[in-house]
Amino acid sequence: MASIKEVAQKAGVGVGTVSRVLNSTGYVSDETRIKVETAMKELNYIPNELARNLLSKKSGIVAIIIPKISHPFFAEVVLYAEAELMKKGYKTMICSTYSEQNYEKEYINMLNRHIVDGIIAGSHMLDFEEYQGVQGPIVALDRFLGENIPVVSTNHKIGGKLAAEELVRNNCRCVLQIQGARVVDSPSHERRYEFERYMKKRGVTVYSHEMDWNDFDYGQYDVMADMLMDKYPDIDGIFAVDMVAIACIRQLLKRKKKVPRDVKVVAYDGTYVAKVGVMNLTVVQQPIEELAKRAVNILLNMIQGKKYHNKKVFYEPTLLLGDTTDDKE
């Protein structure tokens with residue numbers, strides 16, 4: 001394998017010039033840059049990235065911490081974030097914390113040890129205090145982690161209202177809302193508050209069920225839905241995230257109830273699973289691609305030295321009508 005010295009000799013320049021081309025530092029004329037790049041190509045030169053990273057104290061890697069990669073919402077976040085990072089010259093380390101809470105601590109330690117350059121934190125496993133005192137760049141996805149950690153999120157208050165309006169428009173009078181764990185300090189709780197406020201103001205009965213903080217598996221959702229459909233047999237409307245909404249529809253069908261004739265369903269997230277079942281779900285869709293890209297760009301700004309204080313970015317969700325609200329029979 002060719003060395004940097006051999007590249008310099010073939011290009012007729014000094015080793016320092018080759019180094020400046022590799023690291024994009026200092027001035028190098030276009031003519032000289034072309035000579036160096038041509039020599040590297042002809043010699044099949046592969047830069048020693050480890051050495052370069054040690055010198056610059058940069059790894060070129062960003063960690064994305066999520067609860068579970070198989071969950072559709074987080075899978076789409078990773079898809080869009082990884083593509084955006086690749087465009088900006090960064091590699092992605094995907095960190096799933098579902099099976100072990102300590103993994104999240106390990107990934108934070110990687111940031112402190114410069115193994116990764118920054119973190120997009122989408123996991124809800126650790127307490128707020130665990131992130132305090134971390135000096136490296138972190139962007140939080142849909143969670144409050146501190147004044148100096150920017151948050152990128154959906155405007156869940158609008159999302160809750162959109163769902164409530166759709167169920168009221170479909171004449172629902174007794175609805176079930178299935179929500180995430182309140183122990184997590186997340187903007188998403190605004191969805192529940194606004195949904196309940198809107199419904200109760202219009203005289204609609206609302207039952208709310210709070211999921212466990214680590215519920216991210218369809219098997220768990222199906223068991224929960226089975227229990228809830230027995231507990232609330234008289235509901236005529238359901239509001240839940242995509243996977244939970246699908247589990248509820250499955251249990252309703254087992255009980256010979258029709259959707260949307262007997263029970264209207266509005267899902268939240270609008271991931272790909274909302275369109276691959278027997279019927280397209282009516283969804284309040286989060287702008288997942290925009291969320292992921294904005295989180296990446298804020299993080300890269302932080303890696304370059306930009307500081308943020310109380311930075312909060314919110315995107316508006318949209319209602320997409322499907323087959324689970326309007327009764328066409």
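For clarity, every value in this text was computed on a predicted model and none was experimentally measured.
I235 and V175 make their closest contact through CG2-C, 4.3 Å (heavy atoms, listed as atom of the first residue, atom of the second, distance). For D222 against R250, the heavy-atom pair with the smallest separation is OD2-NH1, 2.6 Å. Across every non-hydrogen atom of I138 and P150, the tightest pair is O-CD, 3.4 Å. Between A140 and L145 the shortest heavy-atom distance is CB-CD1, 3.7 Å. Scanning all heavy atoms of the two residues, the minimum distance from M302 to P137 falls at CB-CB, 3.7 Å. Shown here for Y90 and L300, the closest heavy-atom pair between the two residues is CE1-CD2, 3.6 Å.
Counting non-hydrogen atoms of neighbouring residues, nucleotides and ligands closer than 6.0 angstrom, the NZ atom of K5 reaches no more than 12 such neighbours. Summarising the local packing, NZ of K275 is surrounded by more than 12 heavy atoms from other residues, nucleotides or ligands at distances under 6.0 Å.
A donor-acceptor distance shorter than 3.5 angstrom exists from the side chain of D117 to the backbone of G60, with no hydrogens or angles considered. At least one donor-acceptor pair closer than 3.5 Å links the side chain of K264 to the backbone N or O of P260. In this structure, the side chain of T324 does not engage the main chain of L281 through any donor-acceptor pair within 3.5 Å. Remark: side-chain polar atoms of K257 are paired, donor with acceptor, to backbone N or O of P233 under 3.5 angstrom. Between the side chain of D242 and the backbone N or O of G270 there is at least one donor-acceptor pair closer than 3.5 Å. Panel note: side chain E37, backbone I34; no donor-acceptor pair is recorded below 3.5 Å. A side-chain donor-acceptor contact under 3.5 Å links S96 to the backbone of P67.
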_Checking H209 against M224 for the side-chain contact (heavy atoms from CB on, under 4.5 Å) test, could you report, in this order, the C-alpha distance in whole Å, the side-chain angles of both residues, the deciding distance, and whether it holds?_
CA-CA 10 Å; H209 176 79; M224 175 184 64; 3.6 Å; yes
*Hey, mind stepping through Y80 and V296 against side-chain contact (heavy atoms from CB on, under 4.5 Å) and telling me if it holds?*
CA-CA 9 Å; Y80 294 120; V296 166; over 6 Å; no
*asked:* Is there a side-chain contact (heavy atoms from CB on, under 4.5 Å) between V244 and M211? Walk through the geometry before answering.
replied: CA-CA 10 Å; V244 176; M211 294 189 294; 3.8 Å; yes
*asked:* One pair to check against side-chain contact (heavy atoms from CB on, under 4.5 Å): K312 and S153. What are the steps and the verdict?
replied: CA-CA 8 Å; K312 298 179 178 66; S153 182; over 6 Å; no
*Show the numbers, then the answer: is there a salt bridge (Lys or Arg N to Asp or Glu O under 4.0 Å) between E84 and K88?*
CA-CA 7 Å; E84 188 71 7; K88 302 297 174 62; 3.4 Å; yes
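I120 and M86 fall into different hydrophobic clusters, defined by Ile, Leu, Val, Met, Phe, Trp and Tyr side-chain heavy atoms under 4.5 Å apart, directly or through other members. In the hydrophobic clustering of this structure, V223 does not group with I178; members are Ile, Leu, Val, Met, Phe, Trp, Tyr whose side-chain heavy atoms approach within less than 4.5 Å, directly or through other members. Following chains of ILVMFWY side-chain contacts shorter than 4.5 Å, one cannot reach V168 starting from Y193, and the two form parts of different hydrophobic clusters. Grouping the Ile, Leu, Val, Met, Phe, Trp and Tyr side chains by contacts below 4.5 angstrom, directly or via other members, places F314 apart from I158.
Taken to the nearest 0.5 Å, the CG atom of L79 stands 8.5 Å off from the CD atom of E289. Taken from OG1 in T205 to CG in D236, the straight-line distance is 9.0 Å, to the nearest 0.5 Å. Between the CG atom of L228 and the CD1 atom of I238 there is a distance of 8.5 Å, given to the nearest 0.5 Å. Taken from NZ in K256 to CG in L253, the straight-line distance is 9.0 Å, to the nearest 0.5 Å. Residue I115 holds its CD1 atom at 8.5 Å from OG of S59, rounded to the nearest 0.5 Å. Atom CD of E190 is separated from atom NZ of K157 by 6.5 Å, given to the nearest 0.5 angstrom.
A salt bridge is defined here as a Lys NZ or Arg NE, NH1 or NH2 lying under 4.0 Å from an Asp or Glu carboxylate O, and E165 with R169 fails to meet this definition. Classification of R255 and D230 as a salt-bridged pair holds, one side-chain N sitting under 4.0 Å from a carboxylate O.
Residues L162 and P317 form a side-chain contact, since some pair of their non-hydrogen atoms from C-beta on lies under 4.5 Å apart. A heavy-atom distance below 4.5 Å is not found between the side chains of R191 and V284. Side-chain contact between I66 and I94: present, with at least one pair of heavy atoms (C-beta onward) separated by less than 4.5 Å. The shortest distance between side-chain heavy atoms of Y308 and N301 falls below 4.5 Å. Contact of the V62 side chain with the M93 side chain is not registered, since no non-hydrogen atoms from C-beta on lie closer than 4.5 Å. Side-chain contact check for L176 versus M229: some heavy-atom pair is nearer than 4.5 Å.
Between F73 and H71, the ring planes lie perpendicular to each other; the angle is over 60°, past the 30° to 60° tilted range.
Within the cation-pi definition used here (under 6.0 Å to the ring centroid, within 45° of the axis), R294 does not qualify as a partner of Y315.
A donor and an acceptor atom, one from each side chain of T282 and E166, are nowhere located under 3.5 Å apart. For the 3.5 Å distance criterion, the side chains of D269 and Q286 qualify, holding a donor opposite an acceptor. When only modelled atom types and interatomic distance are considered, E76 and T271 share no side-chain donor-acceptor pair under 3.5 Å.
Among the candidates F239, Y207, Y268, the single residue satisfying the ring-ring contact (aromatic ring centres under 6.0 Å, His included) test with F195 is F239.
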